[in-house]
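Throughout, a chain's letter reflects where its sequence line sits, starting with A, and its residues are numbered from 1. All values derive from a computational prediction rather than experimental measurement.
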Protein chains: 2
Amino acid sequence: MQQPANTPPARRRRKDGQARREAILDAALALFSGLGLHGASVEGIAERAGLSKTNLLYYFPSKEDLYVAVLRRVLDIWLDPLQALDADSAPAEALKDYIRAKLTLSRDAPQASRLFCLEIVQGAPLLRAELEGPLRALVEAKAAILRGWRAEGRIGAHDPHHLIVSIWAITQHYADFAVQVNAVTGRGLDDPEFFESVVASTQALILGGLGLRP
Amino acid sequence: MQQPANTPPARRRRKDGQARREAILDAALALFSGLGLHGASVEGIAERAGLSKTNLLYYFPSKEDLYVAVLRRVLDIWLDPLQALDADSAPAEALKDYIRAKLTLSRDAPQASRLFCLEIVQGAPLLRAELEGPLRALVEAKAAILRGWRAEGRIGAHDPHHLIVSIWAITQHYADFAVQVNAVTGRGLDDPEFFESVVASTQALILGGLGLRP
DNA sequence: GTCTATATCGGGATAGAC
DNA sequence: GTCTATCCCGATATAGAC
């Protein structure tokens, strides 16, 4: 079996390069989500990622390029859980799973949630196309599923758009407004007990609103 | 009756000064909420307020001072509606009124909502004291009302903190994530018909989650 | 209170050696 | 790929005349 040292230089360098890019993207996410695009400095990101400012600019030619790269990565994670909402499942189970998946994301990737939030709040000049295209189409597809359930009398009457938006609002709020939630309740999603109580509460609220009982 | 020209200079100047401060605060809110603290420039704010950069710095000695002044103003508006939640009202009516008041604020003061959101998402170094003090106390008082209603069997079982947080999350979301809501639904709170449907939907969701029927 | 001019600085980006 | 040195611009803030 070959040792790592035997790996051809070209390939090893490329792998290192990818790892370095990942490290930069991680550092950038941390600082952009905490300080905003203009509040974070390239130097600060570089320092956190363990390289020099000029060296960082070798990997990403400009600050904006880096920012867009981070944002793209975040968006990919973001669209994922809704995809799983399935017409064949029982409505209550499908919605409960979706709520749990979103809250899990808020717990495990709060920085991604916050960066997404910052970008949307400021008008999302970079993301608007993504929102009006793929996201809108995805929501439309899932709204159709909800309307189908409604037609079959399996859930109560409720505007599907508002339902989806409300689920987003609540689940993301626990990541984006974490400091406020913490100030008021003294706890956060990283506390397993609190996490489960939020999941249960949110599920109860949404299902109750649809006239379903968990 | 006296003409404005007869107003003593000192008084007139002071009144003009106050009006100018207001204009600056309005302009600052618009730009800070759209570009963030570091993204907005003093020059841009001055231009929007109709004076020169140096002149602005006569009224507010530094950019940060201005930012804090804007934030204080926003927070005052913010704490207001929850105060009105009253133990003597019928639970369903009190909650419906609160939801409508919050959504009205989201419709009429979206920039204030967004600036507040930006600040919280970034960790709210300036607001933390306000959150842990007055806000927490206020929430605790209102949570006690909800627990009282629960004890009397007038509402269903639901954690009061989660309920309040969920109402915040949904109602503010329509201001803060307006571009996303617009991308997905094609409409916003400024559309009266849409506004009323959001109010009705949110009320139904919350009351339904508490086992109440509107 | 308002203006012009200017000091000062941080930070993004480039040049070029190694 | 990484470094040192440097350029350059935008932005905050100040000085001082009017």
query = So what is the end-to-end bend of the helix from C/dG1-D/dC18 to C/dC18-D/dG1, with 5 pairs used at each end and the value given to 10 degrees?
reply = 0°
Quick one: side chains of residues 79-88 of chain B, donor-acceptor pairs under 3.5 Å with protein atoms, not counting sequence neighbours, listed by atom name and distance.
from    : atom 1 : to      : atom 2 : distance (Å)
B/Asp86 : OD1    : B/Asp88 : N      : 3.2

request  = List the steps and the verdict of ring pair (Phe, Tyr, Trp, His ring centres under 6.0 Å) for A/His162 and B/Phe194.
outcome  = CA-CA 10 Å; A/His162 291 150; B/Phe194 186 75; 5.5 Å; yes
Between B/Ser201 and A/Asp159: side-chain donor-acceptor atoms closer than 3.5 Å = no
key: Side chains of B/Tyr98 and B/Gln203, donor plus acceptor under 3.5 Å   = no
ask   = Do B/Arg107 and B/Phe195 meet the cation-pi criteria used here (NZ or CZ under 6.0 Å from the six-membered ring centre, within 45° of the axis)?
value = yes
request  = Using the ring of B/Tyr58 (Phe, Tyr or Trp, six-membered ring only), decide whether B/Arg20 places NZ or CZ under 6.0 Å from its centre and within 45 degrees of its axis.
outcome  = no
message = By the definition side-chain contact (heavy atoms from CB on, under 4.5 Å), identify the one residue from B/Ile167, B/Ile170, B/Leu207 that meets it with B/Thr202.
response = B/Ile170
key: Those residues of residues 37-73 of chain A lying under 4.0 Å from DNA chain D by at least one heavy atom   = A/Ser52, A/Thr54, A/Asn55, A/Tyr58, A/Tyr59
